[in-house]
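To keep things clear, I will list the structure first and then write my remarks on it.
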There are 2 protein chains.
Amino acid sequence: MAGLARYMAVLRLFSEGMPTWTVAEMADALQVPQSTAYRTVRDLLSEGLVEMSSEARYRLGPAFIEFDRLTRLTDPLMQAGADVLRALVQEAGVPGVALLCRLYGGEVMCIADHVSPEASFSPSYERGKPMPLTQGATSKAILARLPAKRLSKLIGADAVETMRAELAAIRRAGFCLGRGEIDEGLAGIAVPIVCEPEGLVASLSLVVESHRLAGAREERLRHLVMSAAHEIENLLNHDHQARGPVLPSGEAVGGAD
Amino acid sequence: MAGLARYMAVLRLFSEGMPTWTVAEMADALQVPQSTAYRTVRDLLSEGLVEMSSEARYRLGPAFIEFDRLTRLTDPLMQAGADVLRALVQEAGVPGVALLCRLYGGEVMCIADHVSPEASFSPSYERGKPMPLTQGATSKAILARLPAKRLSKLIGADAVETMRAELAAIRRAGFCLGRGEIDEGLAGIAVPIVCEPEGLVASLSLVVESHRLAGAREERLRHLVMSAAHEIENLLNHDHQARGPVLPSGEAVGGAD
DNA sequence: GTCATATTCTCAAAAAATGAGAAATATGGA
DNA sequence: TCCATATTTCTCATTTTTTGAGAATATGAC
């Protein structure tokens with residue numbers, strides 16, 4: 001293991017279940033001598049990617065918080081999604097959680113969420129937590145709009161075959177409804193979001209308690225989520241067009257240096 | 001430049017003002033040949049630290065969101081602070097923003113914030129944004145409790161001399177009040193938080209509009225912030241004690257693998 | 001198809017990482 | 001305070017990786 005991979009291997013050791021590590025533990029887990037592990041940790045330390053906890057233990061450092069903020073401020077999907085998520089939850093009128101999710105390696109990850117103040121539950125999907133690719137409305141909505149080539153590379157030709165009908169149905173309907181697939185008692189309505197020029201495939205979903213999703217309300221919420229998703233798509237496309245060399249109005253647009 | 005530093009140099013190029021970069025621009029900014037820049041970007045890409053935007057431009061990747069979540073879930077200060085921040089803003093009874101800040105390299109960074117629903121302003125301090133070390137109540141509260149050696153290493157012996165009286169006053173009073181030091185029209189009440197065993201120095205602050213901070217209310221809010229800060233300190237110390245080898249109750253404590 | 005641009009590849013030279021143990025430093029307890 | 005112990009850095013010859021320049025290849029627009 002060399003270069004960046006070695007550093008990332010150390011960072012990937014840290015988890016919810018094991019949030020602090022001694023250098024000896026790291027060396028053991030990665031099968032490298034301690035002197036090497038010490039050097040690696042020293043480098044990570046100086047960049048703020050790792051920091052000392054008590055008693056010779058190390059934990060993830062504050063640099064991630066800084067980069068996360070930059071991501072929040074500059075990722076077009078998050079920018080477009082923030083207000084829409086808030087509005088969606090408010091207009092839903094029932095306790096719920098709105099999620100904006102995307103592909104992340106071989107998984108799906110929520111990159112923005114908004115919880116309504118009355119919601120007393122929290123879905124497994126939450127900002128920054130990788131989730132399985134083939135379960136849950138949120139993930140399936142993404143798979144449904146993935147180019148065939150990328151899809152089979154991700155989940156394999158067999159799995160593509162198994163899901164073909166289901167994904168086609170989602171494409172046709174424009175949404176995916178899942179009840180208790182991930183969390184017992186919760187239901188999700190998910191709608192794909194695609195932005196061709198940026199090459200991104202994501203999904204917007206609303207999670208509510210299953211028992212609240214019946215009859216006319218189900219249809220109303222479905223339409224809400226679909227129109228919110230289209231709003232995000234439009235924002236993404238507008239932003240993209242606004243990138244051209246000439247600004248539509250004569251007004252100068254202020255920007256940071 | 002070698003090892004991790006080279007990768008971080010690329011990541012540090014991305015900013016609010018310049019959120020996407022071409023490889024040619026990176027090579028130029030860092031004074032390295034393009035072939036080297038391409039290799040570096042390829043590595044970052046495969047780890048999700050960078051991702052492609054449109055048209056040969058790259059931006060920060062989603063890996064930071066994942067690590068940020070882990071940080072949020074496992075950093076003892078953020079864990080202890082989350083509920084306290086919320087409660088503080090609620091009990092304050094005026095529109096305000098509660099901030100939990102800490103040292104980050106040669107700067108101060110907010111690691112958690114909570115904005116009251118009625119607040120129509122937002123202070124310059126916000127989660128993940130590095131701020132100057134010597135300005136603002138929030139930063140000064142941290143400096144006040146920093147060991148002398150660390151302090152002079154950070155800001156230099158001259159600056160220490162200049163601030164000596166001010167910092168001593170903060171230590172004596174147990175808080176720092178700043179009016180418009182950072183943001184015109186806003187005032188901050190900041191209280192230091194120290195956890196010896198973890199070696200951490202931080203501060204809790206409440207930012208409100210200056211005109212709301214008068215007479216009895218100022219004193220009431222000051223006491224609120226101080227008791228909230230002490231609550232965080234207590235939580236940190238309790239957690240630390242609970243780390244001992246024997247659990248107080250016979251009940252098994254479930255943990256991730 | 002051709003062109004321009006973006007990206008990967010090639011290879012010998014240069015630089016950096018490696019590992020084992022010694023040395024230095026910090027830590028906590030009498 | 002000093003000592004015993006654990007943690008961290010350092011040393012240096014060897015191995016491995018990175019580097020840089022340009023060639024080769026892919027990608028995409030026209």
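Labels below follow one simple rule: chain letters A, B, ... track the order of the sequence lines, proteins then strands, and each chain is numbered from 1.
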What nucleic acid atoms does R6(A) come within less than 4.0 Å of, heavy atoms only: base, sugar-phosphate, or nothing?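 Contact class for R6(A): sugar-phosphate only.
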
Taking the basic N atoms (NZ, or NE/NH1/NH2) and the acidic carboxylate oxygens, is any pair closer than 4.0 Å for [X] and [Y]?
X: E198(A); Y: R59(B); result: yes
X: R72(A); Y: D68(A); result: yes
X: R102(A); Y: E51(B); result: yes
X: E66(B); Y: R127(A); result: no

Taking atom [atom2] of [N] as reference, at what distance in whole Å does atom [atom1] of [X] sit?
X: M52(B); N: dA6(C); atom1: CE; atom2: C1'; value: 8 Å
X: R42(A); N: dA24(C); atom1: CZ; atom2: P; value: 16 Å
X: D43(A); N: dA16(C); atom1: CG; atom2: P; value: 12 Å

Can you confirm whether M131(A) sits close enough to C110(A) that some side-chain heavy atom of one is under 4.5 Å from a side-chain heavy atom of the other?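 M131(A) vs C110(A): side chains apart.
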
Does any non-hydrogen side-chain atom of F14(A) lie less than 4.5 Å from one of T71(B)?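 They are not in side-chain contact.
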
Between dA6(C), dA17(C), dC9(C), which nucleotide has the shortest distance from any of its atoms to the side chain of A2(B)?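 The answer is dA17(C).
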
Could you tell me the boundaries of the chain A footprint on DNA chain D, defined by atoms under 4.0 Å from its heavy atoms?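 Under 4.0 Å from chain A, the extent on DNA chain D is dT7(D) to dT18(D).
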
For D28(B), does its backbone N or O pair with a side-chain atom of Q31(B) as donor and acceptor, under 3.5 Å?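 Indeed, once roles are kept as given, a pair shorter than 3.5 Å links the two residues.
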
Output yes when at least one side-chain N/O atom of Y38(B) is less than 4.0 Å from OP1 or OP2 of dT7(C), else no.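 For dT7(C), OP1/OP2 do have a side-chain N/O of Y38(B) under 4.0 Å.
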
Would one find a side-chain N or O of S35(A) under 4.0 angstrom from OP1 or OP2 of dG19(C)?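 Indeed not, no polar side-chain atom of S35(A) lies that close.
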
With side chain to side chain donor-acceptor pair (under 3.5 Å) as the test, would you mind laying out the steps for S205(B) and Y125(B) before giving the verdict? CA-CA 10 Å; S205(B) 28; Y125(B) 285 89; over 6 Å; no

Check whether more than 12 heavy atoms from other residues, nucleotides or ligands sit under 6.0 Å from atom CD of E196(A), and answer yes or no.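 No.
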
Considering the terminal five base pairs at each end of the helix from dG1(C)-dC30(D) to dA30(C)-dT1(D), what angle separates the two local helix axes, rounded to 10°?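 Here the helix ends are tilted 70° relative to one another.
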
Please compare Q34(A) and G3(A) by the position of their nearest nucleotide in DNA chain D and report the one closer to 5'.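 In this pair, the answer is Q34(A).
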
